[in-house]
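One structure below.
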Amino acid sequence: MKKELEKNYNHQSVENQTYEKWLSKNYFHAEVDKSKKPYTIVIPPPNITGQLHIGHALNATMQDILIRTKRMQGYNAMWLPGTDHASISTEMKIVQAMAEEGVTKADIGRDAFLERAWAWREEYGRIILKQFHKLGCSCDWERERFTMDEGLSAAVLEVFIRMYKKGYIYRGEKLVNWCPNCKTSISDAEVDHLESQGGFWYFKYPIDGTDEFISFATTRPETMLADTAIAVNPDDEKYKKYIGKTVTVPIINRVIPIIADSYVEQDFGTGAVKITPAHDPNDADVGARHNLPIINIMNDDGSLNENAGDYCGLDRYDARKRIIEEFTKLGLFVKSETVNNSVGTHEKCNTVIEPLVKLQWFVKMSELAGPALDVYKDKTLNIVPERFGKIYTHWLENIKDWCISRQLWWGHRIPAYYCADCNHVTVAKDKVELCEKCQSKNIKQDEDTLDTWFSSALWPFSTLGWPDKTDELDYFFPTNVLVTAHDILFFWVVRMVFSSLEYMDEVPFPDVLFHGLIRDSQGRKMSKSLGNGIDPLDVIENFGADALRLTLISGNSPGNDLRFYQERLDANRNFLNKIWNAARFMLMNFKTEEDEAADISKENLTDVDKWIISRVNTVAKEVLNCIDSYELGMAVQKVYDFIWDEYCDWYIEMVKPRLYNESDSTRRAALATLKMVFINAMKLLHPFMPFITEEIFTSIQDDEETIMLSKWHEFDESLNFKKEEQNIELIKDAVKSIRQVRLSLNVPPAKKVNITVVADNDQIAKLFEDSKAFFASLAGASDVLVQQDRNGINDDAVSTVIKGATLYIPFGELVDVEKEMDRLEKEKERLSSEIERINKKLLNEGFIAKAKESVVNGEKEKLVGYEEMLRKIEGEISKLKGMK
RNA sequence: GGAGGCAUAGCUCAGUUGGUAGAGUACCUGCUUGACGUGCAGGUGGUCACAGGUUCAAGUCCUGUUGCCUUCACCA
C-alpha cells in the first residue's frame with residue numbers, strides 16, 4: 001500500500017495530474033504489433049468551429065469506455081483522434097469575425113482568407129483537443145489527424161480523380177439547393193424543411209385566342225417570371241380542351257404552352273400548375289419531359305436578374321410584393337389564402353433556400369448505393385440499435401446524386417482545370433499548366449471547393465495513410481466500431497460505408513453504434529437560443545470528469561435520448577465519495593507487512609469471502625457481456641450496484657468483526673479478499689470512471705503503475721462458488737428479517753438482543769455457527785445461540801421464519817402479544833397467497849406439460865419452502881394464542 | 001402521406017431468448033454503529049397508456065386505438 005488517502009477526494013488535482021501522467025508515460029499510443037489483436041476506433045472528428053458541447057462528451061465517453069475495456073483485455077487498442085475543417089461552418093464563422101472588423105472575403109482575396117482560416121484552425125483545433133484531455137479520453141494523440149492535412153488532402157484528390165475517370169463524378173447543369181446568404185450550393189441533406197405559414201396566391205393567365213383564363217396558385221409569385229408552361233392533368237375534364245393552346249405571361253409577355261402531365265393533381269389548388277423548370281425540382285422534371293426551356297431569373301444573392309425584365313435587381317421578396325400588386329392592377333389576381341407549408345431552409349444560417357439551375361459537380365450515386373445496401377442486408381454491417389438500419393436502407397434506396405461542389409474557399413479545391421480555348425476540362429492531382437487536349441496555357445482551376453463530407457467520408461482509411469499502403473492501414477483497418485449521434489447517419493455514416501467499399505473493398509467498421517441527444521431537465525433540446533446548454537467543462541470543474549461520465553452513461557439504453565440535470569450529477573458524485581471511502585476504509589485496516597502480503601490464494605477463506613469473490617467474478621462476466629453488446633448503461637449499473645450494495649453495505653459490514661479482532665485467524669483472509677475484490681471492482685469501473693479508479697488502484701497496488709494497462713478480470717471458473725453464494729444469501733435473509741422485526745417492535749438500534757436460531761438441519765446450523773460473529777453485529781445481537789430444537793425458548797419469544805430456520809428473540813413481557821400476532825398473521829397471509837398462486841400453477845396441466853423443466857422445478861421448490869415456513873408460522877401463532 | 005420512437009412508483013429512467021416489476025431521486029420512520037450523514041437501517045408508493053389477440057404464462061410477442069416526439073418525402 002503506497003499511501004493514505006485524503007479525507008475527501010479532490011477531483012481537480014487528481015484528474016489533471018493523472019492525465020499528465022498517462023500522457024507522459026505514453027500509455028495511449030499503439031504501435032503496429034502483429035502479435036496482438038488490434039482494436040481500433042476513429043473519432044467522429046468534431047468541427048473546428050468552436051467548443052465541444054455535452055453531446056461530444058457523451059460521444060467521446062462511449063468510445064473511451066470501449067477502448068479502455070479492450071485495452072485492458074489485451075487488445076492493441078487505438079483510438080484515433082482528429083478534427084474536421086467543416087468548410088461551410090468554419091467559413092461562416094470567419095466571415096462573421098471579419099465582418100466585425102468591417103472586412104469582407106472579396107476585400108482580402110482568397111489567399112489572405114485561407115491564411116486566416118488556417119490561423120483559426122490552429123487556435124480552435126487546440127482548444128477542442130484539450131477538452132478531450134479534460135474528459136479523460138485515451139486517444140492516441142500521436143495519430144491526430146485533420147481533414148485538410150497533407151495526407152488526407154492527397155486521399156481526397158485521389159478519390160476525386162478515380163471517381164472522375166470511372167464516370168462517378170460528373171459536372172452538370174442541374175437544379176441545386178442554393179443559399180442566397182452563403183452564396184453556395186448545398187446538398188439535400190443540409191436543407192431543413194421548416195413548417196411555416198405562408199401566402200398562397202391565386203392568379204390567372206389569359207388563354208391566347210380566346211377570352212378565357214386559366215387560373216393557378218403559387219407560394220412564390222416571383223417565379224412566374226420564369227414560367228415556361230402551364231400544366232394540367234391529362235384526364236382533367238375541365239381543362240382537356242385547353243391542352244395544346246398557349247397563354248401569355250403578363251408583364252414579360254412570354255407565350256407559353258398548356259401541357260398535360262400526370263404529375264398534376266386535379267383536386268389540389270385549381271388543378272392547373274405553373275411550370276418553372278429553373279426554380280423548382282418537380283417543375284424541372286416536368287420541364288425535362290416536355291423539353292421546356294429553362295429560364296433562370298435569380299442572381300446568387302437572391303435578387304432577380306436581367307431575365308426578370310423590369311424587376312431586375314429587386315430582392316426576391318420585394319419582387320414578390322410588386323408582382324402581386326401588378327397582377328392586381330391588371331385584374332389577373334384572383335385571391336390569396338394562408339397555408340401551412342414547409343420551407344426549405346439552410347440548416348447553417350436559416351436562410352430560405354432557392355432551388356436554381358447551376359453548373360455543379362456531382363457524385364453519381366446509383367452504382368455506389370448498391371454495395372452499401374448489400375453489406376447491411378447480409379449483416380456485414382451491424383447497426384445498433386437496429387431500428388436505425390431501416391433509416392439507412394430507406395435513404396440509400398431513394399438516394400439522389402450528391403452535389404459536391406461548394407462556392408466556398410475553405411476546403412479542398414476541386415482539381416478541375418478549364419481551358420479557355422477549347423473548353424476542355426482537365427482533371428488531375430497536380431497543378432495543371434497546359435490543357436491536356438489543345439496544350440493551351442490559357443487554363444484556370446475551378447474556383448470551388450468540395451463538400452466537407454467528401455473528405456470525412458474517407459476518414460476511416462485516409463487517417464491511416466491511404467492511398468499509400470501503410471502498415472497502419474494494413475493493421476488497424478477496418479476499425480471495430482463507429483460511435484456517433486444518429487443525426488449524421490446520412491451525412492457521414494452512409495458515405496463512409498460506400499467510400500470504403502469502393503476503395504478498400506470492405507466495410508470501414510462492422511458495427512455502428514448510435515447514441516441519442518442530450519436534453520435538458522424538461523426534455524428540450526439544448527440550444528443557444530434557449531440558453532439551456534450545458535458546458536461539459538463547467539461540470540468537470542464542479543463534479544469531476546468521472547461524475548460527468550457516469551451521468552452521461554448510466555440509466556440510458558442505446559440510441560435513446562437522455563435528460564441531463566443536477567440531481568443525477570449529485571447522485572453520481574456521491575458514488576465517487578462512496579468508493580473513495582471504501583478505499584480509505586480498506587487502507588486503514590492494512591497495518592503490517594504481513595497484512596499487505598495477504599493473498600486469497602494463501603489464506604483460509606470463509607464462506608463470506610468466497611461469496612464476494614464469486615460475485616465479483618460473475619459481475620465481471622456480466623459487465624463484459626453488456627459492454628460487448630454496447631449496453632453501456634446496463635454495464636455500469638451492474639458495477640455500481642455491486643460496489644455499493646454487495647461490497648460496501650454487506651461485505652464490509654460482515655467482515656468488520658474479523659478486522660477489528662487482531663487474534664482472529666481469518667483476519668488476513670478478510671484483508672486479502674477485501675483487496676482482491678476491490679481491485680477487480682475498480683478495474684470493472686475504470687473504463688467508465690478512469691480517474692478515481694486510477695488514483696485508488698495506484699494507492700493499493702505497489703507493483704503496478706497504472707490500472708489502465710492492468711489485466712481485466714476475466715471470468716474464472718475456479719472462483720465460482722455457488723454454494724457459498726447461496727449460504728450467504730440465507731444469512732442475509734436472516735439479517736434482514738431480524739432488522740424488520742426489531743423496527744416493527746420499535747427496538748432501538750443500540751439495544752442488543754439475544755437471538756436463538758433454530759435450524760432445520762445440521763448444515764444450516766453449521767452455517768449459522770460459522771457466521772455467528774458477523775450475523776450478531778449485523779442483526780444487533782449480544783449473543784446468538786444456534787440449536788436444532790425449541791429447548792429453552794419461551795412461548796412469548798418473538799419469532800421470524802426464513803427458509804431453513806426460525807429465529808427467536810426472547811423479549812418476554814416487553815412484547816405486545818396482540819401486535820405480534822398481527823404481524824405473524826400478516827406474514828401468514830402473504831405466504832398463503834404465494835402458495836395458492838404456485839399451487840394453481842402446478843395444477844395447470846398446460847404449465848406442467850409445456851413450461852421448461854427448470855421453471856417447473858423452481859416453482860415446486862419454492863412451494864416446498866413456503867409450505868415449510870407456513871407450518872412454522874402457524875405453530876408460532878398457536879403458541880401465542882395459548883398464552884392469551 | 002411514409003417510416004420510427006416513447007407511454008412502467010410523485011419525478012427521471014432501467015427492465016435483451018415471455019416465467020409473480022427494479023434503480024436513482026423525492027417522501028415517511030429510526031440511527032453520530034470505530035470508511036462514508038455525499039452515510040446506514042427499515043418503509044410508503046405501480047391493474048407496466050387503452051382495447052383486443054397469441055400462449056400454460058405477456059411490461060416483454062402480434063393487431064388496433066389514443067397522446068407526445070423524431071425523421072423522410074410532398075406541398076403548384
Side-chain angles (χ1 to χ4, degrees), chain A residues 5 7-9 193 198 200 202 216-220 223 230-231 263-265 268-276 280-283 286 339-343 385 387-388 390-391 394-395 398 486-487 489-490 516-517 521 523 554-565 567-568 570-589 625-626 629 631 633-634 637 640-641 645 648-649 652-653 656 659-660 735-736 739-740 742-744 746-750 777-778 780 833-834 837-838 841 844-852 854-856 858-859 862:
Chain A
L5 297 177
K7 183 138 172 45
N8 293 307
Y9 174 62
H193 294 276
F200 195 43
Y202 289 73
F216 55 88
T218 178
T219 54
R220 292 182 298 159
T223 62
I230 290 286
Y263 152 73
V264 181
E265 281 176 46
F268 189 85
T270 65
V273 187
K274 62 190 274 308
I275 300 297
T276 322
D280 182 276
N282 292 308
D283 293 8
V286 175
V339 292
N340 279 325
N341 67 338
S342 72
V343 180
R387 64 187 130 100
F388 291 108
K390 286 191 183 164
I391 301 174
H394 181 258
W395 198 69
N398 295 286
H486 55 68
D487 56 348
L489 200 161
F490 308 137
L517 262 48
S521 59
S554 61
N556 190 232
S557 53
N560 285 0
D561 290 352
L562 174 79
R563 291 198 200 193
F564 195 93
Y565 48 97
E567 287 83 349
R568 301 192 53 220
D570 288 336
N572 291 323
R573 186 255 274 111
N574 294 352
F575 181 58
L576 287 185
N577 181 256
K578 188 72 186 175
I579 59 177
W580 185 252
N581 279 292
R584 283 180 57 221
F585 171 78
M586 202 182 76
L587 285 167
M588 279 168 56
N589 283 287
N625 285 342
C626 289
S629 54
E631 294 277 358
M634 213 184 277
Q637 188 67 50
Y640 181 103
D641 289 344
D645 184 45
C648 291
D649 288 347
I652 286 184
E653 295 306 324
K656 273 178 179 172
L659 296 176
Y660 297 154
V735 171
K736 282 189 234 176
R739 283 172 175 170
Q740 280 167 8
R742 291 180 59 118
L743 227 87
S744 74
N746 293 322
V747 181
S777 80
L778 294 179
S833 74
E834 282 299 294
R837 186 186 62 78
I838 296 175
K841 227 174 170 178
N844 182 339
E845 280 174 38
F847 177 72
I848 299 294
K850 294 183 181 169
K852 269 182 281 179
S854 60
V855 174
V856 177
E859 293 293 327
K862 264 191 246 168

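Order of the sequence lines fixes the chain letters, A, B, ..., with proteins taken first and strands second; residue numbering starts at 1 for each chain.
For B/U12, the OP1/OP2 oxygens have a side-chain nitrogen or oxygen of A/Arg563 closer than 4.0 Å. One finds no side-chain N or O of A/Lys852 lying less than 4.0 angstrom from the OP1 or OP2 phosphate oxygen of B/G18. Within the 4.0 Å cut-off from OP1 or OP2 of B/G39, at least one side-chain nitrogen or oxygen of A/Asn574 is found. Residue A/Arg742 places none of its side-chain N or O atoms closer than 4.0 Å to OP1 or OP2 of B/G42. In this model, the phosphate group of B/A26 is not approached by any side-chain N or O of A/Tyr565 to a distance below 4.0 Å at OP1 or OP2. At the phosphate of B/G4, OP1 or OP2 sits under 4.0 Å from a side-chain N or O atom of A/Lys390. Side-chain N/O atoms of A/Lys578 include one lying less than 4.0 angstrom from OP1 or OP2 on B/C40. Between A/Asn560 and the phosphate of B/A14, there is a side-chain N or O to OP1/OP2 separation shorter than 4.0 Å.
Between B/G15 and B/C28, the two P atoms lie 31 Å apart (nearest whole Å). Comparing B/G4 with B/G42, their P atoms sit 46 Å apart, to the nearest whole Å. Spacing of C1' atoms, B/G37 relative to B/A49, comes out at 40 Å, to the nearest Å. Across the P atoms, B/G45 and B/G22 are found 14 Å apart, a figure rounded to whole Å. Going from the C1' atom of B/G18 to that of B/C31 covers 43 Å, rounded to whole Å. With both ends at atom P, the span from B/G19 to B/U60 equals 11 Å, rounded to whole Å. Taking atom C1' in both B/G59 and B/C72, the straight-line distance is 31 Å, to the nearest Å. Between the C1' atoms of B/C11 and B/U54, the separation comes to 36 Å (whole Å).
Residue-level contact check: A/Phe575 touches neither bases nor backbone, having no heavy atom under 4.0 Å from any strand. No engagement by A/Phe564 is indicated, since no non-hydrogen atom pair under 4.0 Å with the nucleic acid exists. No contact: A/Phe216 has no heavy atom under 4.0 Å from any strand. Here A/Gly633 lies out of heavy-atom contact (under 4.0 Å) with every strand. No engagement by A/Phe388 is indicated, since no non-hydrogen atom pair under 4.0 Å with the nucleic acid exists. Contact annotation for A/Arg739: backbone-only contact, meaning every heavy-atom pair under 4.0 Å involves sugar-phosphate atoms and none involves a base. Base engagement by A/Val264 is indicated by at least one non-hydrogen atom pair under 4.0 Å involving a base atom. Counting non-hydrogen atoms under 4.0 angstrom, A/Lys656 reaches a base of the nucleic acid. Among the protein residues, A/Ile848 comes within range of no part of the nucleic acid, since none of its heavy atoms lies under 4.0 Å from any strand. Counting any heavy atom pair closer than 4.0 Å across all strands shown, A/Glu845 reaches no nucleic acid atom. As judged by a 4.0 angstrom heavy-atom cut-off over every strand, A/Asp570 is placed among residues making no nucleic acid contact. Contact annotation for A/Asp561: no contact, since no heavy-atom pair falls under 4.0 Å across all strands. Note on A/Thr219: only backbone sugar-phosphate atoms sit closer than 4.0 angstrom, heavy atoms only; bases stay farther off. Among the heavy atoms of the strands lying under 4.0 Å from A/Ala571 are primed sugar atoms or P, OP1, OP2 only; no base atom is included.
Side-chain to base pairing of A/Glu653 with B/A35: one donor and one acceptor N or O lie within less than 3.5 Å of each other.
Contact detail for A/Lys841 and A/Glu859: the closest heavy-atom pair is NZ-OE2, 3.7 Å. Considering every non-hydrogen atom in both A/Val264 and A/Gly271, the closest pair reads CG1-O, 3.3 Å.
Rounded to whole angstrom, the span from the NE2 atom of A/His394 across to the P atom of B/U70 amounts to 19 Å. If you measure from atom CG of A/Asn341 to atom P of B/G1, you get 17 Å, rounded to the nearest angstrom. Nucleotide B/C13 holds its P atom 10 Å from the CG atom of A/Asn556, rounded to whole Å. To the nearest angstrom, P of B/U38 lies 16 Å from CD of A/Glu567. Atom C1' of nucleotide B/U44 and atom CG of A/Leu743 are separated by 14 Å, given to the nearest angstrom. Rounded to an integer number of Å, the gap from CG of A/Asn8 to P of B/G37 is 9 Å. With rounding to whole Å, A/Asp280 atom CG is found 10 Å from B/C74 atom P.
Here A/Phe847 does not lie in a stacked arrangement on the base of B/A57, lacking the combination of planes under 30° and ring centres under 5.5 Å apart.
Using a 4.5 Å heavy-atom threshold, the side chains of A/Ser777 and A/Lys656 count as separate. When side chains are defined from C-beta on, A/Asp283 counts as touching A/Tyr263, because their heavy atoms get closer than 4.5 Å.
Proximity note for A/Gln740 (side chain, C-beta onward) versus B/A73, B/G15, B/G42: the nearest is B/G42. You'll find that the side chain of A/Asn581 is closest to B/C36, out of B/G42, B/C36, B/A14.
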